Each structure stands twice: as structure tokens, then as C-alpha cells.
Protein chains: 2
Amino acid sequence: MSKIKIAIVDDHQLFRDGLAGLLLKHEYFELLASLPDGESLLQFLEERESPDIILLDLTMPGLGGFEVLKRLKKHYKKIRSIVISMHEDGNYIVKCAKAGAYGYLLKNADEDELLTAIHKVYRGERYYNDDISARMFQNLSLQQSIPEKLTKREIEVLHHLAEGLTTKEMAEKMFISTRTIETHRANMLKKLDVKNTAELIKRATQLHLLS
Amino acid sequence: MSKIKIAIVDDHQLFRDGLAGLLLKHEYFELLASLPDGESLLQFLEERESPDIILLDLTMPGLGGFEVLKRLKKHYKKIRSIVISMHEDGNYIVKCAKAGAYGYLLKNADEDELLTAIHKVYRGERYYNDDISARMFQNLSLQQSIPEKLTKREIEVLHHLAEGLTTKEMAEKMFISTRTIETHRANMLKKLDVKNTAELIKRATQLHLLS
DNA sequence: TTTTTTATCCGTATAAATACGGAGTAGCGT
DNA sequence: ACGCTACTCCGTATTTATACGGATAAAAAA
């Protein structure tokens, strides 16, 4: 029975070493490469043999994890990636799934979970544990609740709102009529399906519109 | 010259192994123990020799990192802890510093940074990199802006506010007068030093009062 | 070129929030 | 026992937000 060929891509050596140490303990894995960034991976893939699975960090200097996922999806369809990331936010998880990731683990996943994920993905299945799935669904549910995006001006008003400005103060600051501000506010309430400004600010925070 | 005696405490074996592998590469470190939780550490300290430095995770089942820090501060004054955590939030960093941590690293710290931290802390200095320090100061700055805590009732009103309820609706839901709600709202505006409800919700979110 | 979207502004009206002041009572801390 | 805090509720007033409807013009998309 052939070994599962794996490559690790993570800019933190500490973490790569830990992963490598674990993988080397199991004889049905073959560690092809342990690489510090996306560029190294792409170069490796051009010159050497392809792994079955890539264990991929997201936040790396230069070519980031998302970009790597997209390139793999486009040019190396047979390679399946499992993202191993610090980010728990549903945004990241959804973005990874869309970019072609076969699985998503947090960096605090334990050995059993990692092994399970690798085997499932190797078989062509997806791996997302219950917690990760819940975050993904919660994020998708949040995104679904926005039928429409906010416009540039609305975003600007939103930021001023969050700073505590009144409609009158915003109008003065933006050199437009209070009525215009009123319209922008009303439109945002409708778009984000909220009752008032308090709920608007909360929803906007959840949707990362106030960063 | 004696070796620096180190213990690792982290519930994730992957991470412990990575750390251990790195430490064993350097001959001026002596790895006394690699332990999965706080209870194991305390037991180890009772029966075996004390390390100079503990590399300590925060989020562990059973006895958590904060509790461990406090116990160490109280009973093992000579042992210095460096927290190594996933949490980037200033709240955690400040809480660790207060609980007695000598240093704080994120789990994505690289080898050089880890070594620097260990050496500095071994000399009795603190180790917080620029980014960690900035988050700490930002958090302290936020906390300083609250001269007073919110009361139980105020928190309850705050949550309802964030759900979009009006003063009238909250009064009905909480079986109290609208005037009472008005007083709670006014008090919160004063306590958190904000101008209106929009800014209140934003500030409350920053202060993690709406989790 | 046409249609849609975005940004602008209006009249009129009601609801809600904020602000100034005040007060009584129960529970908690010293 | 006393003082303080938290919670309760009030009168009066102004400011602000929200809601219903409407409109024009420029820019972008189809």
C-alpha cells in the first residue's frame, strides 16, 4: 500500500518541526517537503514530484495561503490542501472553502484530529470538525442576511455613526444636507435588516464593516 | 556555565514536540518536562526539581494557564513563566502580565524570538515584543477610559439595546418603567464616556461587554 | 442608448433618545 | 448603626432618529 505524500507549508519553523516530527512517527506518511512560504511550494511543485496532500498555513509573507489555494485549484487539481491556521473566524473558513481547501484545522488541533483529517482528505472527502462547521454556517448565515452591499458613502456615514456623531454633525462634516444623511441611514437600516442604529452598529461590527 | 532548565506546559502534543525539538538543538537548555496540563505541572514541581523557566499555554483543560500563573506567583517565586498563546487580544496579555507572566509570545513566534525571550527572562527581564506591547497599552488605555464598571442591570439593558429594542420595548420586557431604562442608559453613556447609543454599542463591543 | 444605481435633497409626521433636575427604598459594606 | 450603592421612578424640555412619501441628476452598468 502506497504512502501518503505530504508537504508542509508554514512560515514558522517551530510549527513545521512539530508537524514533521509527528508525521515521521507514522510509516504510512511520506514527508516530501517542509517549506516556509508559497513561492517555495510552487517552485517545489514545478521541479519535484507532487504531494497528495499539502498542510498549508494561511498567513505567510509574500504569497499567502489564499493565493496558494487558488493556484493549486487552477494548476494542480489532484493535490488536496488542508489549511492549518490560527484564525477561528468564520470569514477565513468560508474563504478557504471557496478557494479550494479540502479541510480546515486550527493550529491547536491534536494528533488524532490531524490524522483523521489527512486520511479523510486523502480519500477525497472534506474535513471540517463540528466547531469549524458551525462557524462556517454562522458566517454564511450572516452573509446571506445582506441582500445588498453598502455603498461607499454609506460606509463613510457608518464610520461617523460609530464615532458618535449625530446626523447634523455628519452633515456638517461631509458638507451635505442632513436629509442626505437621513436617507443614507435609512437605506443602511433596510439593507442590513436592522431596527435602529444600535443594532446597525452591532451588525456592522459582526460583518467587519467597521475595521 | 549551568544550563537553563525549562518545562513546557501545553495540552497540544504537536506544539510541545515542536518546542521540545527546538530546545534540544541548543545545549544551553535542559528540558526537564513536557507536560499536557496545569495539574501535571504542579505535581511535577512538588516531586521533582524546579525549572528556571516555564513555557506555558493559556487555554488548557482543567487548570488553565491563568490559574497556573497565580499559583506559581504565590508558591514558586523563583520560577519565571513565558506565556505562549494563540490569543492576540490585549485582554489576555494584560491579564497574564498581572497574573505574573514574565513574557508573552504568540504561537507563531519564530525560533530567534523564542530564544531571545528565554534568555531575557532568564536574566530577570520581561519580554514583550513591540506588537504585544502595543496591544497591551491599547487595552490598558481602553480600560483606563472606564472609571466605573457597569452594573448587572445596566449590562442587561445594554444587551437589549444591541438587539435593537427601544426604551419602551425594554421597559415592557423587563417589567420596569421607561424612566428606569432611561436612567440606566444615561448612566452607561456617562460611565463609558460616549455621546450616544451608537458609540456606546461600539465601545461596549471593544470592551467585550457584548459577548 | 437605455436602464439602473448612487447620491443628492425635500415635506410632513411621529417616535425615540438625551438632558436637566429631582426623589425613595432595599441591600450591601464598613 | 450609618453611609454608600444599586435600582427604582418622576417632571419637564429639547434634540435626534425614524418613517411615510416624494424628487432630480450624474455615473455606472447593461
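Everything numeric here is computed off the predicted structure, so don't read it as measured data. Chain naming here is simple, since letters A, B, ... match the order of the sequence lines and numbering starts at 1 in each.
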Student: From NE2 of B:H184 over to C1' of D:dC9, roughly how many Å is that when rounded to an integer?
Tutor: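 One finds 10 Å between C1' of D:dC9 and NE2 of B:H184, rounded.
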Student: From CZ of B:R185 over to P of D:dC9, roughly how many Å is that when rounded to an integer?
Tutor: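 So the two atoms are 16 Å apart, to the nearest Å.
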Student: Rounding to a whole Å, what distance do you find between B:L200:CG and C:dA19:P?
Tutor: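 Spelled out: CG on B:L200 to P on C:dA19 is 12 Å.
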Student: May I ask you to say what B:R153 touches in the nucleic acid, namely base, sugar-phosphate or nothing, with a heavy-atom cut-off under 4.0 Å?
Tutor: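 Counting heavy atoms under 4.0 Å across all strands, the contact made by B:R153 is with sugar-phosphate only.
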Student: Of the nucleotides D:dT16, C:dA16, D:dA17, which has the atom closest to the A:T197 side chain?
Tutor: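 Nearest nucleotide to the side chain: D:dA17.
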Student: As an exercise, state the distance from OG of B:S85 to CG of B:D10, rounded to the nearest 0.5 Å.
Tutor: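 If I round to the nearest 0.5 Å, the distance is 9.5 Å.
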Student: Any chance the rings of A:H119 and A:F29 have centres within less than 6.0 Å?
Tutor: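 When the ring centroids of A:H119 and A:F29 are compared, they turn out to be within the sub-6.0 Å range.
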Student: Would you say a side-chain N or O of B:S177 is under 4.0 Å from OP1 or OP2 of D:dC10?
Tutor: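 Answer is yes, contact under 4.0 Å.
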Student: Using a heavy-atom cut-off of under 4.0 Å over every strand shown, decide if A:T183 touches base, sugar-phosphate, or nothing.
Tutor: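 Touches a base.
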Student: Looking only at the side chain of B:R179 (C-beta and beyond, no hydrogens), which of the listed nucleotides D:dG11, C:dT8, D:dA17 gets closest?
Tutor: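 Of D:dG11, C:dT8, D:dA17, D:dG11 is nearest to the side chain of B:R179.
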Student: Under 4.0 Å from OP1 or OP2 of D:dT5: is there any side-chain N or O of B:T151 that close?
Tutor: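 It does not, given that no N or O in the side chain of B:T151 lies less than 4.0 Å from OP1 or OP2 of D:dT5.
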Student: Determine the contact category for B:T180: base if any of its heavy atoms lies under 4.0 Å from a base atom, sugar-phosphate if only primed atoms, P, OP1 or OP2 are that close, otherwise nothing.
Tutor: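 B:T180: base contact, heavy atoms under 4.0 Å.
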Student: Using a heavy-atom cut-off of 4.0 Å across all strands, would you classify A:E182 as base, sugar-phosphate, or nothing?
Tutor: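 Counting heavy atoms under 4.0 Å across all strands, the contact made by A:E182 includes a base.
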Student: Given C:dT18, C:dT8, C:dA16, which nucleotide is nearest the side-chain atoms of A:I176?
Tutor: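 Comparing C:dT18, C:dT8, C:dA16 against the side chain of A:I176, the answer is C:dT8.
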Student: Looking only at heavy atoms, which two atoms of B:Y128 and B:A101 are closest? And how far apart?
Tutor: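 Looking at all heavy atoms of both residues, the closest pair is OH-O, 3.1 Å.
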Student: Taking the six-membered ring of B:F15 as reference, does the cationic atom of A:K107 (NZ for Lys, CZ for Arg) lie under 6.0 Å from its centre and within 45° of its axis?
Tutor: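 Judged by the rule (NZ or CZ under 6.0 Å from the ring centre, within 45° of its axis), A:K107 is not positioned above B:F15.
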